[in-house]
Protein chains: 2
Amino acid sequence: MIKETKRYRQLGIKLTPQRLAILKYLDGNKSHPAAEDIYNAVSKEFTTMSFAAVYNTLELLRDRGTVKELKIEHGRKRYDFDTKPHHHLICIKCKKLVDIHKKFKLTVPEDMTEGFEIRGNHIEFYGLCPECKKMYDSNHIVF
Amino acid sequence: MIKETKRYRQLGIKLTPQRLAILKYLDGNKSHPAAEDIYNAVSKEFTTMSFAAVYNTLELLRDRGTVKELKIEHGRKRYDFDTKPHHHLICIKCKKLVDIHKKFKLTVPEDMTEGFEIRGNHIEFYGLCPECKKMYDSNHIVF
DNA sequence: CTATCTGCAAACGTTTTGCATCTGT
DNA sequence: ACAGATGCAAAACGTTTGCAGATAG
């Protein structure tokens, strides 16, 4: 507990109890939660908690690169506490999401870049998860 | 005009004047407009036009694969009338967007897919466009 | 003729903002 | 002590929905 707090302190943000609860929830979390998920989870053990605090903290963490905002869903931001660069594999039916930790060296022909200096890439693989694939095979559901 | 209308008719949707205007605006458009952009553009020459018609039409076109919804911006959907599979190169500073028409064969090791059947991929390249690169070089702006 | 589209406006879900109060450092 | 965080509630934003009237096929 003390060691965690010390690590969080290195983020250089003011550590309120609300922020500690948020950080503890996000730490090691692979579920790519939305702000609402974080609010729900944290306010269980912390009755006094507001969306303002959640958004405030997420914005701070995003600005210092500690969390990444994912654009995998329309209408709501999803957050990723995994700072290592990685890609995503998403089920086109149920939207289940898997991290792909593999680096792909992709080169774009110069005549396609319109003078851009390419700094990186993010790949969204899409397909069918085992459960949805089973439904597809047995029921011939068309996606 | 008549030839275009005939082509649009093949979409199999009821062709109202509003829809014809929307289709004409989207046809060959590479700017990945949002619904609001479409509404603004079309209502210039068409004073009676509602968001309902725009969204209605976009939903219809999306469902028959004629347009794709892009998740490149938070909060608002962007639409792509280019049906050929392609990738995107986005300036991290000004958000300028360039289409990359190149196929990348990417294989994900089986032990990473968690049983997913991968059907395709979409790559978001990010970097600096010529203008923003120039600013960066001369002013040492840090992104 | 009638299924479906239109325009308007209200409803929605998420994010942002304003402000008075409170609190880490 | 005070910069800045909190909670609350209202506003903002893009999207969706309900409905009465209009219209393409």
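In what follows, chains are A, B, ... by sequence order, proteins preceding strands, each numbered from 1. What you see below is based on every heavy atom in this structure, not just the backbone, and it leaves out hydrogens, waters and symmetry mates.
- Classification of A:E124 and B:K71 as a salt-bridged pair holds, one side-chain N sitting under 4.0 Å from a carboxylate O.
- In this structure, A:N56 places its CG atom 10 Å from P of D:dG7, rounding to the nearest Å.
- Hydrophobic clustering of Ile, Leu, Val, Met, Phe, Trp and Tyr side chains at less than 4.5 Å, counting indirect connections, keeps A:V98 apart from A:Y126.
- Applying the side-chain hydrogen bond (donor to acceptor under 3.5 Å, both in side chains) test to B:E69 and every residue at least two apart in sequence or in another chain returns B:R62.
- Sorted by residue number, the list of members of residues 34-42 of chain B with any non-hydrogen atom under 4.0 Å from DNA chain C is empty.
- Residues passing the ring-ring contact (aromatic ring centres under 6.0 Å, His included) test with A:H32 are A:H88, sequence neighbours excluded.
- The phosphate of C:dT6 (OP1 or OP2) has a side-chain N or O of B:R19 nearer than 4.0 angstrom.
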List every contact pair, protein side and nucleotides 18-25 of chain D side both N or O, where the distance is under 3.5 Å.
| residue | atom | partner | partner atom | Å |
| --- | --- | --- | --- | --- |
| D:dG25 | OP1 | B:L15 | N | 3.0 |

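- Residues passing the side-chain hydrogen bond (donor to acceptor under 3.5 Å, both in side chains) test with A:K44: none are found, sequence neighbours excluded.
- At a threshold of 4.0 angstrom between heavy atoms, the contacts of B:T48 are confined to the sugar-phosphate backbone, with no base atom among them.
- Taken together through direct or relayed side-chain contacts under 4.5 Å among Ile, Leu, Val, Met, Phe, Trp and Tyr, B:L106 and B:I100 form part of one hydrophobic cluster.
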Donor-acceptor pairs under 3.5 angstrom involving side-chain atoms of residues 107-114 of chain A: please list them, not counting sequence neighbours.
| residue | atom | partner | partner atom | Å |
| --- | --- | --- | --- | --- |
| A:T113 | OG1 | A:E110 | O | 3.0 |

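- With sequence neighbours excluded, the residues that form a salt bridge (charged side-chain N to carboxylate O under 4.0 Å, His left out) with A:E73 are A:R76, A:R78.
- Counting only residues at least two apart or on different chains, the ring pair (Phe, Tyr, Trp, His ring centres under 6.0 Å) pairs with a member in residues 42-63 of chain B are B:Y39-B:F51.
- Looking at residues two or more places apart in sequence or on another chain, you find no side-chain hydrogen bond (donor to acceptor under 3.5 Å, both in side chains) involving A:S50.
- For the pair A:Q18 and D:dG7, the criterion of a side-chain N or O lying under 4.0 Å from OP1 or OP2 is met.
- Once rounded to the nearest 0.5 Å, the distance linking CZ of A:R64 with CD of A:E59 reads 11.0 Å.
- Taking the side-chain hydrogen bond (donor to acceptor under 3.5 Å, both in side chains) definition, one finds that A:K30 meets it with A:D82, sequence neighbours left out.
- B:E59 has its CD atom 13 Å from the C1' atom of C:dC5, to the nearest Å.
- Contacts between residues 60-77 of chain A and DNA chain C, defined by a heavy-atom separation below 4.0 Å, involve A:G75, A:R76, A:K77, listed by number.
- Between its two ends, the helix from C:dC1-D:dG25 to C:dT25-D:dA1 turns its axis by 40°, counting five pairs per end and rounding to 10 degrees.
- Annotation: cation-pi pair A:K102/A:F104 present, NZ/CZ under 6.0 Å from the ring centroid and within 45° of its normal.
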